[in-house]
Amino acid sequence: MALEKASGIIIRLSDYSETSQIVTFLTDTHGKVSAIAKGAKRAKSATGGAMDLLTLNEIVFSPSASGGLGTLREARTTAQYPGLRKSTQKYYAGLYFAELAGIFGEGSEGSQAHYEVLKETLEALDEGKISDWNLTAYFESHILAASGLEPNLTNCARCGSEAGEGTTRMSLEEGGILCGRCQGGREIDKGSLATLRKVFSTGLLTAGRLKIPEQTRRVIGGLLTALVLHGAGRAPRLTKYVKGEYGRQWRRWAGETPVSEGS
């Protein structure tokens, strides 16, 4: 079996034996890669010792011919993101981002989009220069966009007309906003809709500078959670710890589609 090389962020880690680990990477060239790191816990292993979650590594691995676990041949950690480990909240946020990237990055071999969104968000979380709310909103919106799940926020998702001055509704089932003539969804105020458009369309630095009123945060925070739950089909385990009250607002938007409650 030919050897493959990639840059990968460890998004899942479990023990395989007393000396070995099963490691799941989100990579820049091969999507999600799960491999056995044989003897990883030995100091003189090819990985230099036990591996750690939320670290960036240069890896060499042998893929599985059957699509199961591959074998990790070499690994060199290139970024540890120590800022993530300075508080429980930051570490939980990092794990939440990794979990979402793993869910939406499933089957994305050859695509760099999920990897790049996760990498830049972990770097920003490590530096601590962007508020947790802005960073979480940026990550959720851009991981959805990388997965082709960005909602239509300009035209009515049902009839195609532009959003006018009248009442606008958001529909998870329709995949975007609905104009005043089309029934369904839940009403969203113009200010929150305008801010949501900015969150989806701006880069990380611009998203980090957005000044968002508390009420708008509650609306957008709940809606982004609802979009994530709808797209993933399940609730990420750490939603309630990372999103808090903002995440609990998702129920307002999820009336059309029951989702198993995990937040």
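All residue numbers refer to positions in the sequence shown, counting from 1. The model shown is predicted, which means the values in this text are computed figures rather than measured ones. Basis for what follows: all heavy atoms, side chains included, without hydrogens, waters or symmetry-related copies.
Minimum interatomic distance between L178 and G185 (heavy atoms only, all atoms of both residues): CD1-N, 4.2 Å. Annotation for T27 and A6: closest pair CB-CB, 3.9 Å, computed over non-hydrogen atoms. Closest approach of E150 and A145 over heavy atoms only: OE1-CB, 3.7 Å. The shortest non-hydrogen separation linking G208 to I130 is CA-CG2, 3.7 Å. When all heavy atoms are compared, the tightest approach of L193 to I177 is CD1-CG2, 3.9 Å. In terms of heavy-atom proximity, S62 sits nearest to R73 at OG-NE, 3.0 Å.
Tracing side-chain contacts under 4.5 Å through hydrophobic residues (I, L, V, M, F, W, Y), one reaches W133 starting from L144; they form part of the same cluster. Residues L204 and V199 share a hydrophobic cluster, clusters being chains of Ile/Leu/Val/Met/Phe/Trp/Tyr side chains in contact below 4.5 Å. Tracing side-chain contacts under 4.5 Å through hydrophobic residues (I, L, V, M, F, W, Y), one reaches I9 starting from L238; they form part of the same cluster. No chain of hydrophobic side-chain contacts below 4.5 Å, direct or via other Ile, Leu, Val, Met, Phe, Trp or Tyr residues, connects V33 to L69. No chain of hydrophobic side-chain contacts below 4.5 Å, direct or via other Ile, Leu, Val, Met, Phe, Trp or Tyr residues, connects I22 to I103.
Using a 4.0 Å cut-off between charged nitrogen and carboxylate oxygen, E99 and R237 count as a salt-bridge pair. The existence of a salt bridge linking D52 and R85 is confirmed by a sub-4.0 Å separation between a basic side-chain nitrogen and an acidic carboxylate oxygen. Between R169 and E174 there is no salt bridge, since no side-chain N of the basic residue sits under 4.0 Å from a carboxylate O of the acidic one.
Counting heavy atoms of neighbouring residues, nucleotides and ligands inside a 6.0 Å radius, atom OH of Y16 does not exceed 12 of them. Under a cut-off of 6.0 angstrom, the local environment of CD in E116 is crowded, with over 12 non-hydrogen atoms contributed by other residues, nucleotides or ligands.
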I would like to know whether R181 and S161 meet side chain to side chain donor-acceptor pair (under 3.5 Å); could you show each step before the answer?
CA-CA 10 Å; R181 294 186 297 274; S161 63; 3.3 Å; yes
Chi angles and distances behind the side chain to side chain donor-acceptor pair (under 3.5 Å) call for K243, T225
CA-CA 8 Å; K243 298 296 293 285; T225 301; 2.4 Å; yes
Let me see the working for E245 and K240 under salt bridge (charged side-chain N to carboxylate O under 4.0 Å, His left out), right down to the final yes or no.
CA-CA 8 Å; E245 180 60 32; K240 61 183 177 181; over 6 Å; no
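In this structure, L100 and E140 have side chains that are in contact, with non-hydrogen atoms separated by less than 4.5 Å. Under the 4.5 Å side-chain criterion, counting only non-hydrogen atoms from C-beta, T78 is in contact with R76.
A donor and an acceptor atom, one from each side chain of S7 and E58, are located under 3.5 Å apart. Between the side chains of T24 and S34, at least one donor N or O lies within less than 3.5 Å of an accepting N or O. Inspection of the Y246 and E214 side chains reveals an N or O donor paired with an N or O acceptor under 3.5 Å.
By the salt bridge (Lys or Arg N to Asp or Glu O under 4.0 Å) test, D132 is found to be paired with no residue, residues two or more places apart in sequence or in another chain being considered. Under the side chain to side chain contact (heavy atoms under 4.5 Å, CB included) criterion, A146 pairs with A113, H114, not counting sequence neighbours.
With hydrogens and angles ignored, the 3.5 Å screen pairs a side-chain donor or acceptor of N155 with a backbone N or O of G160. In this structure, the side chain of E187 does not engage the main chain of T168 through any donor-acceptor pair within 3.5 Å. Judged by distance alone, the side chain of S201 and the main-chain N or O of R197 form a donor-acceptor pair under 3.5 Å.
In this structure, H30 has its ring center no closer than 6.0 Å to that of F25.
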